[in-house]
Amino acid sequence: MKAVVYEAFSAPPQIRQVPDPTPEAHGVVVKVMATGVCRSDWHGWMGHDPDIALPHVPGHELAGIVEAVGKDVQKWRVGDRVTVPFVGGCGTCPECYSGNHQVCDSQFQPGFTHWGSFAQYVAIHQADINLVALPETLDFATAASLGCRFVTSFRAVVDQGKASAGQWVAVHGCGGVGLSAIMIANAVGANVVAIDISQEKLRLARELGAIATVNAAEVANVPEAVIEVTRGGAHVSLDALGHPITCFNSISNLRKRGKHVQVGLMLAENSTPAIPMSKVIAHELEILGSHGMQAYRYGAMLDMVQTGKLTPEKLVGQRINLEQSIEALMAMDRFQGVGVTVVTEF
Ligand SMILES: [Zn+2]
Ligand SMILES: [Zn+2]
């Protein structure tokens, strides 16, 4: 099969012919029909992820068709249309037994712990636990765009932040993660304040449901601006970018007993940001993480997609081919894209 391969961190990946994958007894092979390009792929390529062994094939936001099925798989057949969360569970550790596959002790992550979906085929482990059936009405590019940023935002807003109707939700950073969170928070009835330094992204944030915006480049103090708009602070606030400044602002703009959810990745030199801990204590704030979402929780989200309450197709940006994915991956840290870039030609 054709695949994007890199043999050294931060050296340009190349298109290669590599052997086709075969399914594990508990796994499947999926013919990749679409795969999103994500900043996590860039982090992996830069060498920030200790799980990656070289040579490596990136790609973790995939949708496709089951091509081959392992002998122990019960629920899936050749031809099924599927997607997967970017964290797959093992099914047999204490976290998986408690229903928290997203923090499994023995995670399967295509594009990180194993070869990923910047390729014509990808092998997926523990298929009965980790595959998600796609509704016929959901196209592959949109399904691929859900796999990482959208589901992580869904878990951040709904399961971790528990945002509810009438609450104020602040979203710092309006890239793929932030725009997803804005759409989801709006859909559950929260009032959303979007924060970014790009006027264009703030305009998109309003289109997706933000009722107020703060341009961080134009105000002297971002937390104060958010506290003013929200008349006392956000109930739930997300750092959707993953930067020490947005993290600090997101915690600082909470009202008493508010929840900060860290969604944007904090790696390398950003991994130990400053936290206003005196405020965390005095205001009884909560600091939470969001790390993907279990396959079994996709049903709630997909129902909201099918009923039109969530419209992730609006977040799909450029569609490119596998050759173009190399340049897109290497440029991923420069933030210039609006919407999720998806590879749809292999
Ligand atoms: Zn597990
Ligand atoms: Zn991703």
Side-chain angles (χ1 to χ4, degrees), residues 4 24 26-27 32 34-46 48-49 51-52 56-63 83-118 122 124-132 141-156 173 175-181 240-242 262-267 289-298 301 312 315-318 320 325 328-333 335 337 339-343:
V4 170
E24 301 281 317
H26 53 73
V32 183
T35 189
V37 184
C38 176
R39 193 161 161 238
S40 309
D41 296 312
W42 178 87
H43 276 299
W45 171 65
M46 287 296 287
H48 298 161
D49 189 326
D51 289 336
I52 292 178
H56 187 64
V57 176
H60 58 281
E61 304 183 355
L62 68 113
T83 188
V84 288
F86 78 88
V87 178
C90 71
T92 56
C93 76
E95 298 302 341
C96 285
Y97 281 133
S98 74
N100 289 293
H101 306 83
Q102 79 284 356
V103 291
C104 168
D105 289 336
S106 180
Q107 298 177 9
F108 171 81
Q109 295 190 20
F112 301 101
T113 61
H114 295 75
W115 280 15
S117 51
F118 280 32
V122 63
I124 302 295
H125 292 192
Q126 302 295 347
D128 284 334
I129 297 163
N130 295 322
L131 286 193
V132 176
T142 304
S145 79
L146 296 174
C148 166
R149 287 160 275 197
F150 202 85
V151 297
T152 303
S153 295
F154 190 89
R155 180 166 167 76
V177 170
L179 293 174
S180 305
L241 175 63
Q262 186 63 39
V263 188
L265 295 179
M266 296 279 226
L267 298 176
S290 180
H291 190 245
M293 190 167 77
Q294 313 92 315
Y296 71 81
R297 279 291 287 153
Y298 270 60
M301 180 182 74
L315 301 174
V316 176
Q318 243 192 319
I320 60 174
S325 73
L329 177 134
M330 293 193 297
M332 203 57 210
D333 196 45
F335 308 116
V340 177
T341 300
V342 183
V343 182

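These values consider heavy atoms only, across backbone and side chains, with no hydrogens, waters or symmetry-generated copies. Whatever order the structure lists them in is the order used to number ligands and atoms, beginning at 1.
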(message) For the metal site, I want the angle between atom SG of C96 and atom SG of C90 with the Zn ion (ligand 1) at the apex, to 10°.
(response) 120°

(request) Kindly say whether the aromatic ring centers of F112 and H56 come within a distance under 6.0 Å. (result) no

(request) Give a yes/no answer: is there an N/O/S atom of H101 under 2.8 Å from the Zn ion (ligand 1)? (result) no

(request) Might you point out which heavy atoms bring S325 and V343 nearest each other, and give the distance in Å? (result) CB-CG2, 3.6 Å

(message) Minimum heavy-atom separation for C90 and S106, please, with both atom names.
(response) CB-O, 3.7 Å

(request) Look at the N, O or S atoms of D41, main chain and side chain alike, and state whether any lies under 2.8 Å from the Zn ion (ligand 2). (result) no

(request) Show your reasoning for whether ring pair (Phe, Tyr, Trp, His ring centres under 6.0 Å) applies to F118 and H60. (result) CA-CA 8 Å; F118 280 32; H60 58 281; 8.3 Å; no

(request) Verify the ring-centre separation between W42 and H48: is it less than 6.0 angstrom? (result) yes

(message) Rounded to the nearest 10°, what angle sits at the Zn ion (ligand 2) between SG of C38 and SG of C148?
(response) 120°

(message) For the metal site, I want the angle between atom NE2 of H60 and atom OE2 of E61 with the Zn ion (ligand 2) at the apex, to 10°.
(response) 110°

(request) Just to the nearest 10 degrees, tell me the angle at the Zn ion (ligand 1) spanned by C104 SG and C93 SG. (result) 110°

